[in-house]
Amino acid sequence: MTDTTLGQPRLKHQKQDRSKDSITSTATAFILAGATATGKTAVAQILAEQMGCSILSADAMLVYKGMDIGTAKPTVADRGDIPYAGIDLVTPAEPFSTGRWIESATSVLKAFGQQQPTTGTHTVTPQGKPSLIVVGGTGLYIKALTDGMQSAVAPPGIREKWQLVFDHSGISGLQSELRQRAPEAFASFPDPSNPRRLLRALEQLETMGTLPGQWKTNSASATTVIVLSLPREQLHRRIARRVDQMFQTGFIEEVRALRKAYPVWSATAAKAIGYEEVCALLDNTLTQEAAREKMIIRTRQLAKRQETWFRHQTQAHWLMLTEHDTPHAIAERVYELWRHYGPTTIHIPG
RNA sequence: GGCGAGGUAGCUCAGUUGGUAGAGCAGCGGACUGAAAAUUCGCGUGUCGUCGGUUCGAUCCCGACCCUUGCCA
């Protein structure tokens, strides 16, 4: 089959990377990405059923238990018999991070790694061998998976320390701290007015002695992610429709119940699109029409940022869709592309 | 119908003592290494309601008209 010949150079390339890092094992997965509301969840479900795969969600908001309607999480009925990982990992009261997601993903991959051949013939559906579909819109999670994120858990207190610097002396405080510690790195810092990145850079510098730089495995050229995309105007229409559906299917009630169960939410969960607005609605600081409007706008802006990420940060094959394409038809096209590219090899850390 | 206020970017508005105009939001593009649905950077020509008048020159002053809005009838 043509799959294997196409897959060959990639495998060689990745084996080289593997030797210079202390990565012990690999797994393979098919990766499906795309902006929010492009329909990737339904497509992944169909493909998982047809191929006998499990699904690993790469989405920063599906990790929260109970945040279902507003995150467009597939329902239990939607999921059928397909095992899902990467969802319902923590409560909205707990903070979450990319690191925690990788941790969780790693344990999933380990289970799959043992069942997968590391080299040789990869077919799209290895007979009798369950395979993994990674689906999601959080580009950083996918890239962390495919390219290997430098790992270091900062000891508690360090971020707080730098946060304090920021609170007291603002962005210029962080800038001068970084300039002092790493002048040449600061000079070429990509966006020096971004407090998050400055803060994280200082945190990492203190913890690991290095700044964020090279990805661990430079396999971007070998990884092909399928990205679903709709024309902007059609996507905007779908977003508006989906937000209205959320309200019609009890979104406000969901948020009300969640607040009762968890009076205080983590900073990450509290910023979720829709949840922030409906909380404001319940606090009477926003009308329902204003909440709806704001949700639609924020979702559109998210979608735009997601597409920017996939355009520039991942080796992607874009699948241009129309709103008239059915999930089954899309699934068929994705399947063909997966046949063509073969699965992506993922290095499992540890 | 009378009196007042207003009609400027997709929206909300600022402004020009007359030399053809700029903010916020939206939109578009970019960045992104453990907060990522986060955070952050860049991009502003639009018959200044319409038609006349005054003027070297009008979006600005004057007149008429159209539309919106408030109060009084």
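Order of the sequence lines fixes the chain letters, A, B, ..., with proteins taken first and strands second; residue numbering starts at 1 for each chain.
Contact check, Q313(A) against rA31(B): no side-chain N or O comes under 4.0 Å of OP1 or OP2. Here K271(A) reaches the OP1 or OP2 of rU39(B): one of its side-chain N or O atoms lies under 4.0 Å away. Distances shorter than 4.0 Å separate some side-chain N or O of T138(A) from OP1 or OP2 on rA37(B).
The side chain of R305(A) has rA38(B) as its nearest neighbour among rA38(B), rC32(B), rC41(B). Comparing rA36(B), rG30(B), rA37(B) against the side chain of D59(A) picks out rA37(B) as the nearest. Among rA37(B), rG27(B), rG30(B), the nucleotide with an atom closest to any side-chain atom of R311(A) is rG30(B). The nucleotide whose nearest atom lies closest to any side-chain atom of T268(A) is, among rA36(B), rG34(B), rA31(B), rA36(B).
Regarding Y141(A), its OH atom lies at a distance of 18 Å from the P atom of rC32(B), rounded to whole Å.
Counting any heavy atom pair closer than 4.0 Å across all strands shown, A267(A) reaches no nucleic acid atom. Across all strands shown, G136(A) has no heavy atoms under 4.0 Å from either base or sugar-phosphate atoms. Contacts of I297(A) with the nucleic acid, taken as non-hydrogen atoms under 4.0 Å apart, involve only primed sugar atoms and P, OP1 or OP2. Within the nucleic acid shown, R100(A) comes within 4.0 Å of at least one base atom, counting heavy atoms only. Using a 4.0 Å heavy-atom distance criterion, F96(A) is classed as a sugar-phosphate-only contact. Counting any heavy atom pair closer than 4.0 Å across all strands shown, W101(A) reaches no nucleic acid atom. At a threshold of 4.0 angstrom between heavy atoms, the contacts of R232(A) are confined to the sugar-phosphate backbone, with no base atom among them. Within the 4.0 angstrom heavy-atom criterion, base atoms lie near E103(A).
For rG29(B), the base has a donor-acceptor partner in the side chain of K304(A) [N/O atoms by modelled type, under 3.5 angstrom]. Taking only distance into account, the side chain of N194(A) never meets the base of rU40(B) through a donor-acceptor pair shorter than 3.5 Å.
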